[in-house]
Amino acid sequence: TGYYGDGLNAIIVFAACFLPDSSRTDYNYVMENLFLYVISTLELMVAEDYMIVYLNGATPRRRMPGLGWMKKCYQMIDRRLRKNLKSFIIVHPSWFIRTILAVTRPFISSKFSSKIQYVNTLAELREMIPMEYVHIPDSIVKYDEEKCIKRRMRTSCLSNDPEITSVEQE
């Protein structure tokens, strides 16, 4: 959790890599109680505008919350909390997350949809929010660094490819 703006509005950071493995026998029970904990914490913390930063990187598929759970969460969130949410930032969005949100877009309000933002790197996130009050887990920082290295290698390989270079020069 961190803060932004003059009024020190809340930034809620949610790291999916720490969610329980879906193979647990008590998975539904744990997820239900986790959601209730998150909602009760939000209700205590959020008096004004807030944003949620969802850290998706470094999360194996078996730890990602299911569509049914996300839908239930959205439906159970109090109207005041939905209204005060200014931005829902998804860092390192996977194709799975993008697909789920694209498929569910007709079923969620356009106001909520407009609050969703995708951010591919922690550097992009730093441009959007003050990071001095936000804790990013080491596993996410490492994931981001590895992803940036791969992106740089891909870019430099493409710029050294004679076919691509000749096409660019034409």
Side-chain angles (χ1 to χ4, degrees), residues 1-22 30-67 69-102 104-105 108-109 111-152:
T1 305
Y3 298 94
Y4 71 99
D6 293 335
L8 292 180
N9 297 322
I11 299 173
I12 312 300
V13 180
F14 193 80
C17 61
F18 295 125
L19 288 173
D21 194 304
S22 60
V30 171
M31 290 299 281
E32 179 108 4
N33 284 292
L34 175 65
F35 171 72
L36 294 173
Y37 170 77
V38 169
I39 291 301
S40 62
T41 303
L42 274 177
E43 287 174 348
L44 291 173
M45 288 182 63
V46 175
E48 298 179 20
D49 298 346
Y50 70 104
M51 66 175 61
I52 295 176
V53 176
Y54 177 80
L55 303 171
N56 189 63
T59 305
R61 175 69 189 98
R62 67 185 187 279
R63 290 192 185 270
M64 289 202 186
L67 180 58
W69 186 79
M70 288 191 278
K71 180 183 174 195
K72 186 176 179 183
C73 290
Y74 176 74
Q75 291 170 337
M76 287 180 67
I77 293 174
D78 181 77
R79 184 184 176 284
R80 177 186 65 87
L81 285 177
R82 277 190 287 211
K83 192 175 132 222
N84 288 356
L85 177 66
K86 291 302 161 204
S87 185
F88 186 83
I89 302 169
I90 301 173
V91 182
H92 304 124
S94 63
W95 66 269
F96 177 74
I97 291 286
R98 287 179 187 265
T99 302
I100 286 210
L101 288 171
T104 59
R105 187 153 274 170
I108 56 178
S109 77
K111 282 184 182 179
F112 183 78
S113 292
S114 68
K115 296 175 185 184
I116 298 171
Q117 297 176 281
Y118 296 114
V119 173
N120 293 311
T121 66
L122 292 176
E124 285 179 46
L125 183 63
R126 275 186 207 92
E127 292 173 14
M128 297 173 72
I129 63 170
M131 297 293 284
E132 60 268 16
Y133 299 113
V134 177
H135 172 71
I136 304 293
D138 292 339
S139 59
I140 303 293
V141 172
K142 186 174 187 244
Y143 175 86
D144 187 73
E145 289 168 353
E146 290 169 358
K147 192 173 177 192
C148 288
I149 288 169
K150 286 178 185 174
R151 186 178 295 125
R152 273 190 234 114

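Because the structure is a prediction, the values reported are computed rather than measured.
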Please tell me if the side chains of Leu36 and Ile39 come closer than 4.5 Å, counting only heavy atoms from C-beta onward. no
Output, in order, the C-alpha distance, side-chain angles, deciding distance and verdict of side chain to side chain contact (heavy atoms under 4.5 Å, CB included) for Ile129 and Ile89. CA-CA 10 Å; Ile129 63 170; Ile89 302 169; 4.3 Å; yes
For Pro137 and Ala15, the nearest pair of non-hydrogen atoms, with its separation, is CG-CB, 4.1 Å
Determine yes or no for a side-chain-to-main-chain donor-acceptor pair under 3.5 angstrom, with Thr99 supplying the side chain and Ile97 the backbone. no
Scanning both residues in full, the closest heavy-atom pair of Gly57 with Cys17 reads O-CB, 4.2 Å
Which residue in the set Asn56, Val38, Ile90 passes side-chain contact (heavy atoms from CB on, under 4.5 Å) when paired with Phe14? Val38
The test is side chain to side chain contact (heavy atoms under 4.5 Å, CB included); show your working for Lys115 and Met51 and say whether it passes. CA-CA 9 Å; Lys115 296 175 185 184; Met51 66 175 61; over 6 Å; no
May I ask you to say whether Lys142 pairs ionically with Glu146, meaning some side-chain N is under 4.0 Å from a carboxylate O? yes
Which distance, rounded to the nearest 0.5 Å, do you find between the CD of Gln117 and the NZ of Lys86? 12.5 Å
With a 6.0 Å cut-off (strictly less than), is the heavy-atom count around CG of Asp138, excluding the residue itself, greater than 12? no
How long is the straight-line distance from CG of Leu85 back to NZ of Lys111, given to the nearest 0.5 Å? 13.0 Å
Is there side-chain contact between Met131 and Leu125, with heavy atoms separated by less than 4.5 Å? yes
Show your reasoning for whether side chain to side chain contact (heavy atoms under 4.5 Å, CB included) applies to Val53 and Ile136. CA-CA 10 Å; Val53 176; Ile136 304 293; 5.6 Å; no
Can you list the steps and then say if His92 with Ile140 is a side chain to side chain contact (heavy atoms under 4.5 Å, CB included)? CA-CA 9 Å; His92 304 124; Ile140 303 293; 4.0 Å; yes
Would you indicate whether the side-chain heavy atoms of Leu101 and Ile116 approach each other to under 4.5 Å? yes
Between OG1 of Thr59 and CE of Met64, what distance do you get to the nearest 0.5 Å? 5.5 Å
Give the minimum heavy-atom separation between Pro93 and Arg98, together with the two atoms involved. CG-NH2, 3.4 Å
Closer than 3.5 angstrom, by distance alone: can the side chain of Arg62 be matched with the main-chain N or O of Asp21 as a donor-acceptor pair? no
Rounded to the nearest 0.5 Å, how far does CZ of Phe35 lie from OG of Ser40? 10.0 Å
Ile11 versus Pro130, closest heavy-atom pair with distance: CD1-O, 4.3 Å
Can you check whether Leu81's main-chain N or O pairs, donor with acceptor, with Tyr50's side chain at less than 3.5 Å? yes
Closest non-hydrogen atom pair, Tyr143 against Ala58: CD1-N, 3.4 Å
